[in-house]
Structures are given as C-alpha cells and as structure tokens.
Enquirer: 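There's a structure below that I have some questions on.
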Amino acid sequence: MLRILVALISGTTFGLGLALSGMMNPAKVIGFLNFAGRWDPTLAFVMGGALLVTVPAFFFILKRPRPVLASGFALPAKTALDGRLLGGAAAFGLGWGLSGFCPGPAVAALSTGLTPVFAFVVSMIAGMALYAWGSGRRGRYQKKAGILDQRGRLSRATSR
C-alpha cells in the first residue's frame with residue numbers, strides 16, 4: 001500500500017511539474033524545437049533544472065544497496081547503442097516534433113479533456129501494442145531459429 005501511495009504522490013508531482021513548466025502545451029514544445037524559426041528556449045531551463053536535481057540525487061541513491069520500497073534497482077543492463085535503440089529514439093523524436101507531445105506530458109494532458117490529446121494517447125497506445133505484437137513475433141521466430149535461448153537472451157553462438 002505504501003508503494004502505491006508513493007507512486008501516486010510521485011506521479012501527481014510529476015504531472016504538476018509538467019503542467020507548470022509548459023511541457024503539456026504542444027505549441028510551447030514545438031516552439032522549443034523550432035531552431036530555424038521563432039525559437040522558445042524556456043524549456044531548456046526546465047530541462048536544466050531537472051538535471052540539477054536528478055544527477056546529484058541519482059549519485060547518492062545508487063550508492064544505496066537497494067531502493068527504500070523495492071528489493072532492487074531496475075536499471076538497464078544493456079549500454080551499447082544499436083539499431084533498435086537509435087530507431088526508437090528517432091521515432092520518439094519525430095513523434096515529439098510533429099505532435100508536440102511525448103508520453104508523460106500526453107498522459108498528464110488527458111486532464112485537459114481535449115480531443116487531440118486523446119487522439120495522441122490512443123495512437124501512442126496503438127503504436128506500443130503494434131510494437132509489442134511485432135517484437136513478440138520476432139522473438140518467437142528467433143527462438144525457433146536458435147538465435148535466442150529459452151530465456152529470450154541471445155545465444156552465445158550469435159551474440160558476438
């Protein structure tokens with residue numbers, strides 16, 4: 001119960017931060033990304049402020065043996081750049097630049113009740129489901145072909 005309460009408080013605080021900073025306003029985000037036109041640099045201060053808090057906090061938190069409310073940290077094990085990561089980053093940036101929304105602000109902006117926000121979130125969920133469906137098919141194919149082991153990891157013969 002405490003974990004759910006902390007998650008609720010954290011999510012609400014994050015959503016309020018997104019609303020106060022203007023990240024839920026697609027016009028402001030597109031203005032920030034418009035380097036060739038009327039560039040609005042104010043979101044750079046928001047991002048810089050977030051880094052000023054996050055970087056020192058992560059430095060101290062990751063020195064702990066485990067999180068306060070979980071049995072371990074869930075950090076990405078993979079650190080190498082590959083085509084999937086770069087393709088996903090490109091798709092994310094393209095979607096952000098075209099719509100002015102990224103996932104967090106879009107979910108927070110559902111509270112506005114605006115139709116374009118709902119259209120974006122529904123499209124985002126459909127894209128996530130399509131990716132999950134496609135990657136599940138690819139994973140089954142790779143298991144059949146012997147590329148992945150039983151736990152879904154690359155087999156030693158092909159991981160080099």
Side-chain angles (χ1 to χ4, degrees), residues 1-35 43 46-47 50-51 54 57-58 61-62 66-160:
M1 184 65 182
L2 184 59
R3 287 180 66 177
I4 293 172
L5 181 64
V6 169
L8 179 65
I9 292 169
S10 299
T12 302
T13 304
F14 183 64
L16 286 173
L18 293 172
L20 290 174
S21 67
M23 294 287 289
M24 289 173 35
N25 180 355
K28 189 164 189 73
V29 172
I30 290 173
F32 173 71
L33 298 173
N34 186 4
F35 296 110
L43 290 183
V46 172
M47 294 175 193
L51 286 173
T54 303
F58 266 59
I61 289 171
L62 292 177
R66 65 178 189 83
V68 174
L69 299 175
S71 60
F73 291 104
L75 300 172
K78 186 174 159 185
T79 58
L81 296 177
D82 63 9
R84 281 182 68 192
L85 177 65
L86 295 175
F92 177 88
L94 185 65
W96 194 34
L98 289 173
S99 70
F101 280 121
C102 66
V107 171
L110 285 173
S111 62
T112 64
L114 297 174
T115 303
V117 175
F118 282 98
F120 177 85
V121 171
V122 168
S123 300
M124 177 178 73
I125 292 171
M128 293 165 67
L130 183 65
Y131 174 78
W133 177 76
S135 64
R137 288 178 56 127
R138 185 180 60 228
R140 285 192 296 271
Y141 168 77
Q142 289 173 333
K143 279 184 184 173
K144 278 185 181 176
I147 296 170
L148 297 178
D149 64 16
Q150 292 300 318
R151 288 193 245 169
R153 297 180 303 195
L154 287 174
S155 67
R156 290 180 183 210
T158 59
S159 63
R160 292 183 185 172

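Source: prediction; values computed, not measured. Side chains are part of it too, since the values below use all heavy atoms of this structure and drop only hydrogens, waters and symmetry mates.
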Enquirer: Taking only residues at least two apart or on different chains, which pairs with a member in residues 94-104 satisfy salt bridge (Lys or Arg N to Asp or Glu O under 4.0 Å)?
Expert: none
Enquirer: How close do L81 and L86 get, heavy atom to heavy atom, and via which atoms?
Expert: CD2-CD2, 4.5 Å
Enquirer: For G15 versus A108, what's the shortest heavy-atom pair and its separation?
Expert: CA-CB, 4.3 Å
Enquirer: Judged by atom type as modelled, is there a donor-acceptor pair below 3.5 Å linking the side chain of R66 to the main-chain atoms of A70?
Expert: yes
Enquirer: What pairs meet the salt bridge (Lys or Arg N to Asp or Glu O under 4.0 Å) rule with one or both residues in residues 71-80, with sequence neighbours excluded?
Expert: K78-D82
Enquirer: Closest approach of C102 and W96, non-hydrogen atoms and distance?
Expert: N-CD1, 3.4 Å
Enquirer: Taking all non-hydrogen atoms of both residues, which atom of M23 and which atom of P105 are closest, and how far apart?
Expert: O-CB, 3.3 Å
Enquirer: Kindly compute the distance separating CG (L5) from OG (S10), expressed to the nearest 0.5 Å.
Expert: 9.0 Å
Enquirer: Would the number of heavy atoms belonging to other residues, nucleotides or ligands and lying under 6.0 Å from CE of M47 be above 12?
Expert: yes
Enquirer: If a pair satisfies ring pair (Phe, Tyr, Trp, His ring centres under 6.0 Å) and one of its residues is in residues 108-130, list it, with sequence neighbours excluded.
Expert: F101-F120
Enquirer: Of all heavy-atom pairs between G104 and F14, which one has the smallest distance, and what is that distance?
Expert: CA-CE2, 4.4 Å
Enquirer: Is any side-chain heavy atom of V107 closer than 4.5 Å to one of M124?
Expert: yes
Enquirer: Who pairs with L98 by side-chain contact (heavy atoms from CB on, under 4.5 Å), at least two apart in sequence or on another chain?
Expert: L94
Enquirer: Strictly by side-chain hydrogen bond (donor to acceptor under 3.5 Å, both in side chains), give each pair with a member in residues 21-32 just once, sequence neighbours left out.
Expert: K28-D40, K28-T42
Enquirer: Return the set of residues passing side-chain contact (heavy atoms from CB on, under 4.5 Å) with P116 (not counting sequence neighbours), or none when no residue passes.
Expert: L114
Enquirer: Output all residues satisfying side-chain contact (heavy atoms from CB on, under 4.5 Å) with L62, sequence neighbours left out; order by chain, then residue number.
Expert: F58, F73, L75
Enquirer: The criterion is side-chain contact (heavy atoms from CB on, under 4.5 Å); which residues satisfy it with L69, sequence neighbours excluded?
Expert: L2, R3, V6
Enquirer: For the CG atom of L8 and the OG1 atom of T13, what is their distance to the nearest 0.5 Å?
Expert: 9.0 Å
